[in-house]
Amino acid sequence: MTLAASKFQAPKGTRDVLSPESARQRALVNTFAVMAERAGFGQIVSPMFEEVGVFKRLGEATDVVSKEMFTFFDKDQKSPTEFALRPELTASVVRAFVQHRPLVPWKAWYEGPQFRYEKPQAGRYRQFNQIGVEALGTDDPHMDVEVIALAADFYAELGLTRNRLLINSLGDASCRPAYLEALTTYFQSNLSALSEQSRVTLEINPLRVLDSKREQDQQLIDDAPVMVDFLSEDTGSHFASVRAGLELLGIPYEISPRLVRGLDYYTRTTFEFANDVMEAAQNAVGGGGRYDGLAQDLGGPATPGVGFALGVERILLACDAEGVFPAPGTTVDVFVVDATGGQNALALAAQMRSHSVSVDRAFDGRSMKSQMKAADRSGAAVALILGEDEMTSNTVTIRSMRTNDPQVTVPRAQVAEEVLKRLEQQQ
Ligand code: HAM
């Protein structure tokens with residue numbers, strides 16, 4: 001039976017990640033996990049879909065909610081529930097916090113796929129992976145600093161040197177209304193210059209207009225009033241403490257007074273990391289901020305929170321651009337060559353794997369020559385050769401593939417010991 005080639009492809013905006021890129025992705029997540037746990041975060045694993053209401057607070061005027069959510073109803077005939085594949089994890093984590101009420105401060109890290117129906121392009125996918133943290137239960141500016149420092153340290157650990165940290169404060173309920181009023185008045189008095197879409201956005205959330213990427217809006221946005229000029233004493237001193245903490249840790253930053261981010265739950269500190277080697281459309285390798293009202297909006301007690309999410313694919317593109325964090329080698333230690341039919345390779349491979357040695361072998365009864373070629377291609381340090389002579393004498397021939405160590409034939413019972421010795425010498 002022949003299968004029609006390329007009838008099915010991975011859905012638009014999704015990717016198959018094959019080895020060794022998949023090993024690189026896993027290594028990135030593992031590095032993050034170690035660093036997050038070192039900073040006192042424990043992992044949360046939550047469902048990939050939630051009731052759609054969980055995500056409503058991301059903002060009716062945001063692209064994420066208005067255009068990009070993958071929604072579906074379950075199969076309950078009487079009263080079907082509407083769900084959404086998670087477009088991000090902050091709302092899910094806060095939903096879990098409200099549901100379980102862990103002791104605060106509660107510090108959770110996560111990793112996994114997110115889903116947004118975006119227009120796919122390089123670095124922008126419909127299914128993409130994020131790593132991130134959320135810390136709930138304190139509004140101490142030191143938590144903001146620790147969260148930002150974790151992201152900055154992580155990028156540095158990967159070897160990235162061309163990230164810029166942009167920070168802003170979006171104020172809170174005490175000072176944001178006055179700012180929104182000033183912003184609305186400003187845009188309304190320049191309405192004819194504003195793009196049609198932004199005029200609609202203005203009606204729903206004037207702050208979102210600052211997030212417009214449309215050329216027509218840029219000049220107006222550049223001249224718009226900025227939140228930092230409207231901060232109350234309280235939010236102003238919170239922002240000052242965050243900046244002082246970053247300075248104390250030697251983390252460079254730029255104040256970006258028009259940074260509003262693409263989601264509506266933010267209060268006070270907001271930040272983004274932009275990689276300068278990447279194109280502007282996808283140079284945001286991560287971002288986050290405070291969301292002090294989100295727990296209450298999701299039916300919980302008033303609980304401040306701060307966190308970030310970093311885009312795994314974007315970071316790997318940045319690593320490519322900067323030439324750092326290559327894919328790890330995926331070669332095996334040992335390749336078994338069996339000229340006696342394959343049965344003996346089956347047993348020997350299993351024996352070696354039980355000694356924690358990584359092993360591959362040939363299949364389909366290939367010729368000795370073709371098996372030796374495969375052994376070479378595999379990158380294995382050692383080939384174990386089984387021929388008729390070895391079968392008769394219950395021995396195995398050991399050949400080092402990358403060094404000039406002499407080829408030896410040892411009794412089957414000693415093969416593991418000898419291989420381990422050779423592998424150790426070659427490290
Ligand atoms: P976000 O800015 O929407 O924030 O996403 C965070 C990061 O995910 C982005 O900076 C980018 O690296 C990556 N990303 C977003 N969309 C895509 C896409 N379509 N394809 C590839 N990568 C993408 C959040 O998600 C918030 N939950 C962050 C946060 C956590 N705020 C507080 N806590």
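Read the numbers this way: they start at 1 and go in the same order the structure lists the ligands and their atoms.
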Peer 1: Looking only at the side chains, is there a donor atom on one of Asp234 and Ser232 sitting less than 3.5 Å from an acceptor on the other?
Peer 2: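 Distance-only check fails for Asp234 and Ser232.
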Peer 1: Using side-chain contact (heavy atoms from CB on, under 4.5 Å) as the criterion, point out the one residue from Thr269, Thr235, Val147 that pairs with Arg290.
Peer 2: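 Of the listed options, the one satisfying the test is Thr269.
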Peer 1: Do Phe72 and Phe49 have their ring centres less than 6.0 Å from each other?
Peer 2: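 Yes; Phe49 has its ring centre under 6.0 Å from that of Phe72.
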Peer 1: In terms of side-chain geometry, is the basic nitrogen of Asp338 or Arg361 positioned less than 4.0 Å from the acidic oxygen of its partner?
Peer 2: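 Salt bridge absent between Asp338 and Arg361.
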Peer 1: Would you say that Phe55 contacts Leu85 through its side chain, given a criterion of any heavy-atom pair below 4.5 Å between the two side chains?
Peer 2: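 Answer no - side chains too far apart.
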Peer 1: Once you restrict both partners to nitrogen or oxygen, which atoms of ligand 1 have a protein partner under 3.5 Å, and how far apart are they?
Peer 2:
from	atom 1	to	atom 2	distance (Å)
ligand 1	2 (O)	Arg261	NH1	3.1
ligand 1	2 (O)	Arg261	NH2	2.8
ligand 1	3 (O)	Arg116	NH1	3.0
ligand 1	3 (O)	Arg116	NH2	2.9
ligand 1	4 (O)	Arg261	NH2	2.9
ligand 1	5 (O)	Gln130	NE2	3.2
ligand 1	8 (O)	Gln130	NE2	3.2
ligand 1	10 (O)	Ala284	O	3.4
ligand 1	10 (O)	Gly286	N	3.2
ligand 1	12 (O)	Ala284	O	2.9
ligand 1	12 (O)	Gly311	N	3.3
ligand 1	16 (N)	Arg116	NH1	3.4
ligand 1	19 (N)	Glu118	OE2	2.6
ligand 1	19 (N)	Tyr125	N	3.4
ligand 1	19 (N)	Tyr125	O	2.8
ligand 1	20 (N)	Tyr125	N	3.0
ligand 1	25 (O)	Arg116	NH2	3.2
ligand 1	25 (O)	Gln130	NE2	3.1
ligand 1	27 (N)	Glu88	OE1	2.5
ligand 1	27 (N)	Thr90	OG1	2.8
ligand 1	27 (N)	Tyr265	OH	3.1
ligand 1	31 (N)	Tyr266	OH	2.6
ligand 1	33 (N)	Thr90	OG1	3.2
ligand 1	33 (N)	Glu134	OE1	2.8
ligand 1	33 (N)	Glu134	OE2	3.0
ligand 1	33 (N)	Gly307	O	3.4
ligand 1	33 (N)	Phe308	N	3.4

Peer 1: Mind checking salt bridge (charged side-chain N to carboxylate O under 4.0 Å, His left out) for Arg199 and listing every partner two or more places apart, or none if nothing turns up?
Peer 2: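 Arg199: no salt bridge (charged side-chain N to carboxylate O under 4.0 Å, His left out) contacts found.
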